[in-house]
Visitor: 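Sharing a structure below in structure tokens format, with a few things to ask.
Keep in mind that what you see is a predicted model, and the values were worked out from it rather than measured.
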Amino acid sequence: MNSAISGDLLRVTSIPLLEHGSVIFKGVPLDKSSHQLKSAKYFVAVITSLSNLPMNPDTGEHLEPTVGQLWEVEGHRVIKDVEVGTFVMKQHSYKKPKSLLCILPEDGEQVIKFISTNKDFKGIGESKARALWNLAGNDLYGLLRNNTVELRTRFKDVLTDESITSLVEGFSKYKNLGNHKWMSDHKIPTGIQQRLLRHHNDSCVKAIKDNPYRLVAFGLTFKQADKIATEQFNSPLDDPNRLSTSVEMAIRKEIDDGHTYTTREYIKGTVKNLLGSDQLAAQAFMAAHDRVQFIIGKESGYYHPTPQLLMETIVAKRLLSMAKINNLFADDANQAMGNALKDLPYPLLELQNEAVITSLDNSVSCITGGAGTGKTTVLRTVLKSYHEMGFTIHAVALSGRAAQRLHESIGFETSTIAAFLNKEPILPSDSKPKHILVIDEGSMVDLPTMYKLVINISPETRIIFSGDPDQLPPIGCGKVLADVVASGAIANVTLDIVKRQKGSTGIPEYSKKIREGEVPETLSSGAITFHETSKECIAEVCTKLYAESPKNSRIVGSTKIMVAKINSLCQQEVNFDGEVLTFKIDGKKYITSDPEIRKDDSVLFTQNNYQVGVQNGSLGTLIKVHSSDSDATEFGMVELDTKENISVTKPILDSMALGYCVTLHKAQGSQFPRIIVALKKGIVVDRAWLYTAITRAESEVHIVGSEEEFKAITQEPSKSHLRNSHLFNMLKLGRTDI
């Protein structure tokens, strides 16, 4: 077997798979100049996704492969021997190719064969196709682009009206191949082509010629777009589009790091690196003033990306207007609260009682605090009160596991934020006049998500945030809960008393010390055990600890490399002989790889698939592996942590990974009986990381690492709140300008 970056032209001979968004097609190789058979010693297989195929922007449909089509493919090629009957042939396989293009034949005989054998052109056999070519020749494709009177007049002696309609409609799916061909010739990747066509349609070529640096808005890096602009379009180094785009990309990097605005000081180094000189960097900031992708504050000089500024403005206006609606604790609230308190097995502490009253007294409020401070008890009491007052409860959390845990805690129906946003907007009605939205694990909610929530509910809908602002900030930009609390603009009660119960694990007390930057007197205390371990042995020790209680444990790691290593070791340790998940397509057997997944493995989903109830971060166990003796479309079954079962299809399989160990961001919002923390100092590991990791445990914590690094991580200030966020400024100052 060998591999290389190469390319082939093929005529499609079979399509083994075309469903669930996945595509596999095979064909014979052709000579690129003559389109004649190139070799009978090998065939070509292309494995990709439907979204990677050329698209018709008019319909939004992708051009599916059919037998007889010609395709150019380029990318990482793997060559291997394959048995075909009694022969052994070479198979050139392209998985997720760099470029994939369906092309129209130009030679007369090839055009005739293309039309007469293609199912898209119904009722047109070889004789009619030949007559068409003899009549129109090289003008044929140009005529077919539009269903005009001229076309019908010209073809009426050759085809019936029905055949002409069939010809035009059949060709409609191919009409953008010219644009695809032009973009491919200019080295624009296939995925970028789809987005360009969807946005610019037939004017995409002109748009790129006018400004090749537009490509960064569709997914290319600056360096990729710069290479295309300079090599394909001879753009000069001081092109104003190049200069201003460098500033735009530097700002985008700040957004990727979680900020919602930045300063010239922060981005000037990035701009210089992109452009290669101080002189061009200085010119870039002058050119940037004319851009609409961001706005520069008149007084502050801050660089605000337009989308983030718009979202911050809308969120801030809604929250500030709601904050003015208070003094709502009337007789009905007092009576409802009294009834809710009767159901509690023990009285609330003074601060907990204040949190309940505050939540009933304000249109928008927060209940915050660390682990073990009673947020759940307060929230359950508040929602029982609101329910008695006739409010419809909408309780949401970012992850499915967190939503399930919230449901178990409060007793009301809950959902993920994604599921909530897929429903109709929340508006008052005669049957349901009053609504309240509860956002649990609010520290995980980024600015774009909060913006979507705000525009999905009416201004009359009350809001309660619940969470811990000292946990890790969201993956996306912004830090909504931290901003809301720190600004002081929204009514908030922070529960800070950890009340030790008899038989307590000690986890709340331990984590509270970490949050405050205090090293616990003894690193092993109560249900927390510290395992002094060298960096080289962390993965092995975590694996052994996991094997002691696999069903109750989850390991959290700080890097993808560490997570992958621990997952591999855990599989070898606890499921080395599990049946491998395999599947069969076109009579050939495939196995999952990188790594292979086996029955009884703990699995993690890395992509959203809301149709089947799976989102990025969902966890489960592969409980069933189907026989691969037939070309089935379902290969197994996963039981999610929410106890729901889902079938493993090709798209689901593509998003599955081992889940014995996960990154902390995947685990945030969830809790597990037993947490094992792979502690190794790094870019993302700080006090907030360690604190969040420990609070993922319900009853038992194992920390694996060195005491020296544990102390350093705990005592150094957390980086979690260092993000620039204009939402904080807006809330703090009570105004939404810049």
Visitor: List the steps and the verdict of ring-ring contact (aromatic ring centres under 6.0 Å, His included) for F391 and H435.
Guide: CA-CA 5 Å; F391 279 79; H435 297 263; 8.5 Å; no
Visitor: Do you know which two heavy atoms are closest between A371 and T695, and how far apart they sit?
Guide: CB-CG2, 3.9 Å
Visitor: Take a 6.0 Å sphere around CG of D256 and say whether it holds more than 12 heavy atoms from other residues, nucleotides or ligands.
Guide: yes
Visitor: Quick one: do L545 and S553 satisfy side-chain contact (heavy atoms from CB on, under 4.5 Å)? Show the steps, please.
Guide: CA-CA 9 Å; L545 288 167; S553 302; over 6 Å; no
Visitor: Only one of V356, N353, D343 passes side chain to side chain contact (heavy atoms under 4.5 Å, CB included) with T381; say which it is.
Guide: V356
Visitor: A quick test of your reading: do over 12 heavy atoms of other residues, nucleotides or ligands sit less than 6.0 Å from NZ of K317?
Guide: no
Visitor: Between I436 and I393, does the side-chain contact (heavy atoms from CB on, under 4.5 Å) criterion hold? Intermediate values first, please.
Guide: CA-CA 5 Å; I436 183 165; I393 310 295; 3.5 Å; yes
Visitor: Return yes when atom NZ of K432 has more than 12 non-hydrogen atoms of other residues, nucleotides or ligands closer than 6.0 Å, and no otherwise.
Guide: no
Visitor: Does the side chain of T494 pick up a donor-acceptor pair with the side chain of N492 at under 3.5 Å?
Guide: yes
Visitor: For G659 versus L619, what's the shortest heavy-atom pair and its separation?
Guide: O-CD2, 4.3 Å
Visitor: For R554 and Y660, test the side chains for any donor-to-acceptor distance below 3.5 angstrom and give the result as yes or no.
Guide: no
Visitor: Side-chain polar contacts of residues 465-481 - donor-acceptor pairs under 3.5 angstrom, sequence neighbours left out - could you list them?
Guide:
{"from": "S466", "atom 1": "OG", "to": "D440", "atom 2": "OD1", "distance (Å)": "3.4"}
{"from": "D468", "atom 1": "OD1", "to": "D470", "atom 2": "N", "distance (Å)": "3.0"}
{"from": "D468", "atom 1": "OD2", "to": "Y691", "atom 2": "OH", "distance (Å)": "2.2"}
{"from": "K479", "atom 1": "NZ", "to": "D483", "atom 2": "OD1", "distance (Å)": "2.6"}

Visitor: Ignoring hydrogens, what is the shortest heavy-atom contact between V580 and V625? Give both atom names and the distance.
Guide: O-CG1, 3.9 Å
Visitor: Identify every side-chain donor-acceptor pair in residues 568-575 under 3.5 Å, counting partners at least two apart or on other chains, and give the distances.
Guide:
{"from": "S568", "atom 1": "OG", "to": "Q572", "atom 2": "NE2", "distance (Å)": "3.2"}
{"from": "Q571", "atom 1": "NE2", "to": "E596", "atom 2": "O", "distance (Å)": "2.9"}
{"from": "Q571", "atom 1": "NE2", "to": "D601", "atom 2": "OD2", "distance (Å)": "2.7"}
{"from": "N575", "atom 1": "ND2", "to": "K599", "atom 2": "O", "distance (Å)": "2.8"}
{"from": "N575", "atom 1": "ND2", "to": "D601", "atom 2": "OD1", "distance (Å)": "2.9"}

Visitor: Do you see a donor-acceptor pair shorter than 3.5 Å between the side chains of Q352 and T377?
Guide: no
Visitor: Going by distance alone, is a donor N or O of one side chain under 3.5 Å from an acceptor N or O of the other, for S718 and R687?
Guide: no
Visitor: Would K512 and E516 pass as an ion pair if we require N to O under 4.0 Å?
Guide: yes
Visitor: Aromatic ring centroids of F412 and H407 under 6.0 Å?
Guide: no
Visitor: Taking side chain to side chain contact (heavy atoms under 4.5 Å, CB included) as the criterion, tell me which of V701, I694, T505 meets it with Y510.
Guide: I694
Visitor: Do K681 and E716 make a side-chain contact, defined as non-hydrogen atoms from C-beta onward lying under 4.5 Å apart?
Guide: yes
Visitor: Verify salt bridge (charged side-chain N to carboxylate O under 4.0 Å, His left out) between R674 and E548, making sure each step is shown before the conclusion.
Guide: CA-CA 11 Å; R674 188 171 180 261; E548 292 175 0; 3.1 Å; yes
Visitor: Among pairs that include at least one residue of residues 441-458, which meet side-chain hydrogen bond (donor to acceptor under 3.5 Å, both in side chains), considering only residues two or more places apart or in two chains?
Guide: R405-E441, D446-T449, S458-E460, S458-T461
Visitor: A667 and V556: which non-hydrogen atoms are nearest, and at how many Å?
Guide: CB-CG1, 3.9 Å
Visitor: Would E312 and M730 count as a side-chain contact (heavy atoms from CB on, under 4.5 Å) here? Give the steps.
Guide: CA-CA 8 Å; E312 286 178 315; M730 290 176 168; 4.2 Å; yes
Visitor: For H665, is the NE2 atom crowded, meaning more than 12 foreign heavy atoms sit under 6.0 Å from it?
Guide: yes
Visitor: Which residues satisfy the salt bridge (charged side-chain N to carboxylate O under 4.0 Å, His left out) test with E413, sequence neighbours excluded?
Guide: none
Visitor: Do you know the tightest heavy-atom contact between L328 and S363?
Guide: CD1-N, 3.7 Å
Visitor: Please report the closest heavy-atom contact between N362 and S365, naming both atoms and the distance.
Guide: CB-CB, 4.3 Å
Visitor: So which of L437, L406, V445, V438 actually passes side chain to side chain contact (heavy atoms under 4.5 Å, CB included) with V396?
Guide: L437
Visitor: Taking side chain to side chain contact (heavy atoms under 4.5 Å, CB included) as the definition, give me every residue that meets it alongside A657, ordered by chain and number, with sequence neighbours left out.
Guide: T606
Visitor: Between the side chains of D641 and Q404, is a donor N or O closer than 3.5 angstrom to an acceptor N or O?
Guide: no
Visitor: Inspect the surroundings of CD in E408 and state if more than 12 heavy atoms from other residues, nucleotides or ligands are less than 6.0 Å away.
Guide: yes
Visitor: Please test I367 against V493 for side-chain contact (heavy atoms from CB on, under 4.5 Å), starting from the C-alpha separation and ending with a verdict.
Guide: CA-CA 5 Å; I367 304 168; V493 176; over 6 Å; no
Visitor: Return the set of residues passing salt bridge (charged side-chain N to carboxylate O under 4.0 Å, His left out) with E709 (not counting sequence neighbours), or none when no residue passes.
Guide: K535
